[in-house]
Amino acid sequence: MAKGERKRALRGRAGRMKGGRGSGRTSPGHVRLWGRHPVEAALKNPVRQFHKLWATREGVASLDGELPTDFPVEFADVSDLGRMVAKDAPHQGLVLECDPLENTFLDEMATGEPRRPVVVLDQVTDPHNVGAILRSAAAFGAACIVTQDRNAPPESGVVAKSASGALETVPWVRVVNLARALDELAEAGYWRIGMAGQAEATLAESMPTGAMAIVLGAEGEGLRQNIAGHCDALARLPITSDIESLNVSNAAAIALYAAATRAAG
């Protein structure tokens, strides 16, 4: 079906559904996503379980693809949707309530492919940063991101919006013990590179020819000593002295680009 036909199908189906106002509450255990890219990606994800879509008619018409048969849609005004999401969040006329994604496991995702690095985040707690890193991971073909389950943001609309759809395509592995996960990566053949501004070697000098894991710490604090000790090498980005450091999501994007360039070469 052509894109224009899909949009007409969406308009027709939505037009037969009951309109009204949303409750503005998230049910326990559910996740609320907003914005065209996150909602569209979630709707296209075959493993995502949905509950309800609140939308403006323009929001529904903007979707590229068909909604599942009898999908529960409730029409709402822009102001109503604004009360259902984070303050000033750009919902673009779409708010989707769904179940969180199922857990994924490190041994299933880390298959040792040199072209698909693993990204390990050590206590990166800002959901905007985690979302941006997911987006870069999708852009450069990373196998997955790995976080500790206690010191990382939960799956949320903020993460999904920052990820711009990548939350649905990049596996997010949550582990109890990050150091143990790094040991498992080593056993699987990964060369673990910890990104540290004080390191002597640059990332280009430290990259292997085989599988690699890029390990990044929280902004300001950087890698914890124990996590750095579980890396095979520490490396820095060759930034100038004009700036002290980069945002962790920017550093992740540059490191992933470097890994992709190495693999392509």
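Predicted model, so just to flag it, every value in this text is computed and none were measured.
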Visitor: Given 3.5 Å as the limit, does a donor-acceptor pair link the side chain of Arg236 with the main chain of Ala199, or not?
Guide: yes
Visitor: Quick one: are Arg262 and Met212 in side-chain contact, heavy atoms under 4.5 Å?
Guide: yes
Visitor: Rounded at 0.5 Å granularity, tell me how far CD in Glu219 sits from OG in Ser249.
Guide: 7.0 Å
Visitor: How many angstroms lie between NZ in Lys161 and NE2 in His37, if you round to the nearest 0.5 Å?
Guide: 7.0 Å
Visitor: Below 4.5 Å, heavy atoms only, C-beta onward: do Val130 and Ser162 meet side chain to side chain?
Guide: no
Visitor: Determine the minimum heavy-atom distance between Ala181 and Leu106, stating which atoms define it.
Guide: O-CD2, 3.6 Å
Visitor: Got a second to check how far Thr56's OG1 is from Asp80's CG, nearest 0.5 Å?
Guide: 11.0 Å
Visitor: Measure the shortest side-chain to side-chain distance between His91 and Val39 over non-hydrogen atoms and say whether it is less than 4.5 angstrom.
Guide: no
Visitor: Atom CD in Gln148, atom CZ in Arg174: separation rounded to 0.5 Å?
Guide: 11.0 Å
Visitor: Quick check: does any side chain N or O of Asp122 sit under 3.5 Å from a backbone N or O of Arg224, one acting as donor and the other as acceptor?
Guide: yes
Visitor: Per the side-chain contact (heavy atoms from CB on, under 4.5 Å) rule, which among Asn45, Leu134, Val31 passes with Leu167?
Guide: Leu134
Visitor: Under the criterion side chain to side chain contact (heavy atoms under 4.5 Å, CB included), I'd like the reasoning laid out for Val248 against Asp126: C-alpha separation, chi angles, the key distance, then a yes or no.
Guide: CA-CA 10 Å; Val248 64; Asp126 187 310; over 6 Å; no
Visitor: Would a 4.5 Å heavy-atom cut-off, applied to side chains only, mark Pro153 and Val158 as touching?
Guide: no
Visitor: Quick one: which of Leu182, Asp232, Ile214, Leu185 gives a side-chain contact (heavy atoms from CB on, under 4.5 Å) with Tyr190?
Guide: Leu185
Visitor: Where is the tightest heavy-atom contact between Ala179 and Ile227, given as atom of each residue plus distance?
Guide: N-CD1, 3.9 Å
Visitor: Is there a donor-acceptor pair closer than 3.5 Å between any side-chain N or O of Lys44 and the backbone N or O of Glu168?
Guide: no
Visitor: Write down the atom of Leu203, the atom of Ala258, and the distance for their closest heavy-atom approach.
Guide: CD2-CB, 3.9 Å
Visitor: Measure across Trp54 and Arg32 and return the closest heavy-atom pair with its distance rounded to 0.1 Å.
Guide: CH2-NH2, 3.9 Å
Visitor: Test salt bridge (charged side-chain N to carboxylate O under 4.0 Å, His left out) on Asp77 and Arg83 and set out the steps.
Guide: CA-CA 10 Å; Asp77 296 330; Arg83 288 190 286 271; over 6 Å; no
Visitor: Which pair of non-hydrogen atoms, one from Thr104 and one from Pro171, has the smallest distance, and what is that distance?
Guide: OG1-CB, 4.2 Å
Visitor: How long is the span from the CD atom in Gln123 to the CD atom in Glu221, to the nearest 0.5 Å?
Guide: 7.0 Å
Visitor: Applying side chain to side chain contact (heavy atoms under 4.5 Å, CB included), run through Val118 and Arg192 and close with a yes or a no.
Guide: CA-CA 9 Å; Val118 168; Arg192 304 158 300 177; over 6 Å; no
Visitor: When the ring planes of His51 and His30 are compared, do they come out parallel, tilted or perpendicular, using 30° and 60° as the limits?
Guide: parallel
Visitor: With a 4.5 Å limit on heavy-atom distance, are the side chains of Leu223 and Leu234 in contact?
Guide: yes
Visitor: More than 12 heavy atoms of other residues, nucleotides or ligands under 6.0 Å from CD of Gln49: is that the case?
Guide: no
Visitor: Do Trp172 and Val159 touch side chain to side chain, with heavy atoms closer than 4.5 Å?
Guide: yes
Visitor: Could you tell me whether the side chain of Ser136 and the main chain of Ile133 form a donor-acceptor pair under 3.5 Å?
Guide: no
Visitor: Can you tell me which residue among Glu155, Glu97, Glu40 is in a salt bridge (charged side-chain N to carboxylate O under 4.0 Å, His left out) with Arg48?
Guide: Glu155
Visitor: Working to the nearest 0.5 Å, report the span between CD of Glu184 and CG of Asp107.
Guide: 7.5 Å
